[in-house]
Amino acid sequence: MIRNDITGLVAQAIHNAQAAGALPEFALPTFEIGRTKDLKHGDYTTSVAMQSTKLARMAPLAVAQAIAAHVPPHAAVAAVTAVPPGFINFQLSDAWLTGQVAEIEAASGRYGDIDLGGGKTCQVEFISANPTGPLHMGSARNAVLGDALANILAAAGWRIQREYYVNDAGTQMRTFAETLYRRYRQALGHDAPLESHHYQGTYMHDLAREVVGEQGDRFLSMPEDDAIAALSDIGRVKVLAWIRASAEKLHIYFDNWYSEKSLYEPGGVFDHVIGSLRAANMTEAKDGAEWLRTSLFDSDRDEVLVRSSGQPGYYASDVAYHYDKFVLRGFDRVIDVWAVDHQNQARRMPYLMQALGLDPKRLDIVLYDLVRLYRDGQEVKLSKRSGDIITVDEVADEVGADAVRFLLLTRSNQAVMDFDLNLAVQQNDQNPAFYVQYAHARMASILRTAAERDFPAAAWTAGDFGLLGHPAELTLLRKMAELSEVIEKAATQLAPHHLAFYAQDLAGTFHAFYRDCRVISAEPAERELSCARLRLVAATKAVFARVLDLLGVTAPESM
RNA sequence: GCCCCUAUAGCUCAGUGGAUAGAGCGCUAGCCUCCGGAGCUAGAAGCGCAGGUUCGAGUCCUGCUAGGGGUACCA
């Protein structure tokens, strides 16, 4: 990307200035090229001169001037200026900016992609809600965050796999199956009251009736434990189908569904990993349990792998599952998306990596904060236990998948988020999701209108973008040229919200262009300019569609 | 108690140690002979408190206040 070119120019300029005697010899400090806030300062800026004053034993502005005077020429750079107190500013050339139209076209929908990943593999594991009920809105943030992250990392050069980890091995699953068994008996007219720890939601009734419809009463004659085991499998499959449908409603498609239970099959991953941990002397028997010796690392305590009951603990699943991800399946990198209430678990993950002999940096845990739902100004409490839940399906049906996704993505991860159901459902200018979609629809409309007014695509696809030069056109081109930097920031910080804000910026910039520059002109003298502008509009539409695609929001041709 | 996160405009939120802190909603005043007014322009309005580091702090450090979360052989 162009910013990297400028970084290289600055390094070269310092070297040149030193060779010419304009600067004393000193080691190149680490410096960054930043975006300016105001165009009057150019497009890019660096504070390297101010950082080097002590090294150079010169006034900051004098250092800046010496560097600026030795920047090699570059086609994309129109001006390099040194200004008080010591900034060096770079202005992009109009020719480079207008040339981005051709770059966008050549990228065919992948404009702004970068290569941070270098084609390495990265698994993004997200949602992973217990398969004990429908997907509720608490999981929607996880869903949208994980999916957008996967999109963004793919644009940043990683080969992505999306995985759902099915927590089908623990006591939650057992409780679910017991509940289903009782509801099943109730559905057949038997007395089987629920206890307080069972799932109270009405969906369990529906599930039980469905099972009765398909399987009849055959589980009544079985021993209770056998019936519960059978119902556990049947129920899990049905609930996972619900979850899959809900995810698809939000435009989310998983490449793989991984069963926690499968870790514990005889001779399976767990047996394998605990064997190698024992061989490496990484486990220790203590108080009747078997512990992973994580205190060998930065932790101040060990963690239980096998409880004194003989059952593996939860940490054992984490160990075995991540062993499978890294060692057996060979992912170069793994990202787990977890709610902030798992923060303590997240803290322990690096120790697990070290115990397995893996570099902890290959694993990122993305924590996100809670979502508080509001309706009519009142907070809507979510409680799966009491059955008082708001499902993803309800909200997606009411609000639309695009609005859900966009609104959930316009917050940084680690901030408690208020989600206003009333606001989201409004299909008007109060809803930012519609603001960005409207911009895309407007671009589509301009191209349609052009075709009706003697500007078919064939007339302008070779339009001369060198005719572009109006400030509003250049501003629009500048904004589009930022995309690769936004993708880099979002990918590096694992923070998709940067894309959501960029989408709003880009929409605003386009609307300003639309106001200032008439695209379709009937004047013969302006026909060439119209063609150039139509080409710009088509390029903008492509960039906008790309951004919406990364966010998982549809780009409508009309609305 | 200890640990983590958060605190920016009336509201919901952005803000990679840099130059005059931004956006949407709401409020005020304007803008359609002509490509989509679901749009645009202008205005009022803000970094929780106190120190520190730095040439420079909304951003880094310390303390305080307030809110959220976490501190099991649970999942």
Side-chain angles (χ1 to χ4, degrees), chain A residues 32-38 40-41 45-47 50-51 53-54 59-60 83-87 89 130 167 169-173 175 260 286-291 302-309 311-317 339-347 367-370 372 374 407 410-420 423 426-432 434-439 441-450 452-453 455 485 488-489 492-493 497-498 500-502 504-505 507-508 510-512 514-522 530 533-534 537 558-559:
Chain A
E32 294 202 347
I33 304 294
R35 275 272 174 187
T36 60
K37 287 179 189 163
D38 191 330
K40 78 180 181 214
H41 298 127
T45 187
T46 180
S47 58
M50 287 179 281
Q51 289 167 34
T53 49
K54 282 177 183 164
V83 298
F87 292 107
N89 297 333
N130 289 331
N167 295 106
T171 56
Q172 299 288 354
M173 202 59 210
T175 303
E260 178 185 13
K286 204 165 47 186
D287 304 330
E290 184 167 4
W291 301 68
D302 293 336
E303 303 291 342
V304 168
L305 281 179
V306 183
R307 293 186 264 162
S308 51
S309 67
Q311 291 298 308
Y314 189 69
Y315 199 63
S317 290
V340 71
D341 59 344
H342 291 77
Q343 61 184 257
N344 210 48
Q345 185 187 353
R347 210 186 340 250
L367 294 178
Y368 61 93
D369 221 307
L370 306 173
R372 279 199 293 246
Y374 286 83
L407 290 171
T410 41
R411 318 286 140 115
S412 56
N413 304 346
Q414 295 224 19
V416 179
M417 173 173 154
D418 295 330
F419 190 91
D420 186 332
L423 172 60
Q426 290 182 41
Q427 312 241 331
N428 62 22
D429 56 357
Q430 291 187 18
N431 189 327
F434 286 91
Y435 176 79
V436 297
Q437 291 186 307
Y438 175 75
R442 188 181 232 183
M443 294 173 212
S445 172
I446 291 170
L447 298 179
R448 278 195 304 270
T449 303
E452 291 164 8
R453 298 190 188 173
F455 284 99
E485 291 159 36
E488 180 188 65
K489 184 155 67 170
T492 305
Q493 299 179 4
H497 74 277
H498 292 300
F501 282 90
Y502 176 78
Q504 295 182 75
D505 266 5
F510 175 75
H511 288 310
Y514 177 84
R515 179 195 69 234
D516 292 340
C517 299
R518 171 132 203 124
V519 177
I520 302 168
S521 172
S530 283
R533 285 179 172 168
L534 282 165
V537 170
S558 64
M559 45 193 298

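Every heavy atom of this structure was used, including side-chain atoms; hydrogens, water molecules and symmetry mates were not. Numbered from 1 within each chain, the chains take letters A, B, ... in sequence-line order.
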(request) Look only at the side chain of R411(A) and the backbone of N413(A), and say whether a donor-acceptor pair between them is shorter than 3.5 Å. (result) no

(request) Scan nucleotides 70-75 of chain B nucleotide by nucleotide, 5' to 3', and note B when protein non-hydrogen atoms come under 4.0 Å of the base, S if they reach only the sugar-phosphate, - if neither. (result) S--BSB

(request) Map every base of RNA chain B to its dot-bracket character, where paired means a Watson-Crick or G-U wobble contact with both distances under 3.5 Å and | marks a partner outside the strand. (result) (((((((..((((....[...)))).(((((.......)))))....(((((..]....))))))))))))....

(message) Does the structure show F501(A) stacking with A23(B), if we require the centres to be closer than 5.5 Å and the planes to be within less than 30 degrees of parallel?
(response) no

(request) For K286(A), enumerate each residue passing the salt bridge (charged side-chain N to carboxylate O under 4.0 Å, His left out) test, keeping only those at least two apart in sequence or located in another chain. (result) D302(A)

(request) Quick one: label A512(A) by what it contacts on the DNA or RNA (base, sugar-phosphate, nothing), any heavy atom closer than 4.0 Å. (result) nothing

(message) On the nucleotide A14(B), are OP1 or OP2 found under 4.0 Å from the side-chain N or O atoms that R411(A) carries?
(response) no

(request) Measure from CG on L534(A) to C1' on C35(B) and round the result to the nearest Å. (result) 9 Å

(request) Working to the nearest 0.5 Å, report the span between OH of Y314(A) and CZ of R307(A). (result) 12.5 Å

(message) Whole angstroms only, please: what is the CD-P distance between Q414(A) and A7(B)?
(response) 11 Å

(message) For A19(B), does the base pair up with any side-chain atom of N89(A) as donor and acceptor (N or O, under 3.5 Å, distance only)?
(response) yes

(request) Could you check L367(A) against Y514(A) and say which one's nearest nucleotide on RNA chain B is further toward the 5' end? (result) L367(A)

(message) According to salt bridge (charged side-chain N to carboxylate O under 4.0 Å, His left out), who are the partners of R515(A), at least two apart in sequence or on a separate chain?
(response) none

(message) Checking H511(A) now: which residues fulfil ring-ring contact (aromatic ring centres under 6.0 Å, His included) with it, not counting sequence neighbours?
(response) Y435(A), Y438(A)

(request) Quick one: list whatever passes salt bridge (charged side-chain N to carboxylate O under 4.0 Å, His left out) with E303(A), sequence neighbours left out. (result) R301(A), R348(A)

(request) Could you pick out which residue, R453(A) or Q493(A), lies toward the 5' side of RNA chain B when each is mapped onto its nearest nucleotide? (result) Q493(A)

(message) Taking side-chain hydrogen bond (donor to acceptor under 3.5 Å, both in side chains) as the definition, give me every residue that meets it alongside Q493(A), ordered by chain and number, with sequence neighbours left out.
(response) H498(A)

(message) Suppose we screen for side chain to side chain contact (heavy atoms under 4.5 Å, CB included). Which residues come up paired with A444(A), at least two apart in sequence or across chains?
(response) R448(A), K541(A), E557(A)

(message) If the cut-off is 4.0 Å, is S412(A) near the phosphate of A14(B), judged by side-chain N/O to OP1 or OP2?
(response) yes

(message) Looking at S521(A), is its backbone amide N or carbonyl O close enough to the side chain of S530(A) to form a donor-acceptor pair, meaning the two atoms are under 3.5 Å apart?
(response) yes

(message) Side chain of V83(A), heavy atoms from C-beta onward: which of G15(B), A19(B), C40(B) has the nearest atom to it?
(response) A19(B)

(request) Mind checking side chain to side chain contact (heavy atoms under 4.5 Å, CB included) for V519(A) and listing every partner two or more places apart, or none if nothing turns up? (result) I446(A), F513(A), R533(A), L534(A), V537(A)

(request) Calculate the interatomic distance between E32(A) atom CD and U16(B) atom P; express it in whole Å. (result) 12 Å

(message) Can you measure D505(A) atom CG to C13(B) atom P for me and round it to whole angstrom units?
(response) 19 Å

(request) Syn or anti for C64(B), please, going by whether the chi angle lies within 90° of 0. (result) anti

I'd like a list of close polar pairs between nucleotides 29-31 of chain B and the protein, N/O only, cut-off under 3.5 Å.
none

(message) Going by salt bridge (charged side-chain N to carboxylate O under 4.0 Å, His left out), name the residues that satisfy it together with D287(A), two or more places apart in sequence or in a different chain.
(response) none

(request) Please state whether the rings of H497(A) and F501(A) are parallel, tilted or perpendicular, taking 30° and 60° as the class boundaries. (result) perpendicular

(request) Using the six-membered ring for Trp and the full ring for Phe, Tyr or His, decide whether H41(A) stacks on the six-membered base ring of A19(B) (centres under 5.5 Å, planes under 30°). (result) yes

(request) Between C40(B), A38(B), A19(B), spot the one nearest the side chain of M559(A), thanks. (result) A38(B)

(message) Using every non-hydrogen atom in the two residues, find where A289(A) and S308(A) come nearest and quote the distance to one decimal.
(response) CB-N, 3.9 Å

(request) Send over the distance from R372(A) CZ to G69(B) C1', rounded to a whole Å. (result) 11 Å

(message) Please pick, from G68(B), C35(B), A38(B), the nucleotide with the shortest atom-to-atom distance to any side-chain atom of Y438(A).
(response) A38(B)

(request) Taking all heavy atoms of P432(A) and all of Q504(A), pick out the closest pair and write down the distance. (result) CB-OE1, 3.8 Å

Output one line per pair: protein atom, nucleotide atom from nucleotides 55-60 of chain B, and distance, for all N/O pairs under 3.5 Å.
| from | atom 1 | to | atom 2 | distance (Å) |
| --- | --- | --- | --- | --- |
| C55(B) | OP1 | K54(A) | NZ | 2.9 |

(message) Can you see if the side chain of Y435(A) gets near the phosphate of C40(B) - specifically, an N or O under 4.0 Å from OP1 or OP2?
(response) yes

(message) Using a 4.0 Å heavy-atom cut-off, does M417(A) contact any base of the nucleic acid, only the sugar-phosphate backbone, or nothing at all?
(response) sugar-phosphate

(request) To the nearest Å, give me how far apart NE2 (H497(A)) and P (A23(B)) are. (result) 17 Å

(request) For G36(B), take OP1 and OP2 only and decide whether either is under 4.0 Å from a side-chain N or O of S445(A). (result) yes

(message) Nearest 0.5 angstrom please: M173(A) CE to N167(A) CG, how far?
(response) 10.0 Å

(request) Would you mind reading off the distance between H511(A) atom NE2 and A23(B) atom P, rounded to a whole angstrom? (result) 15 Å

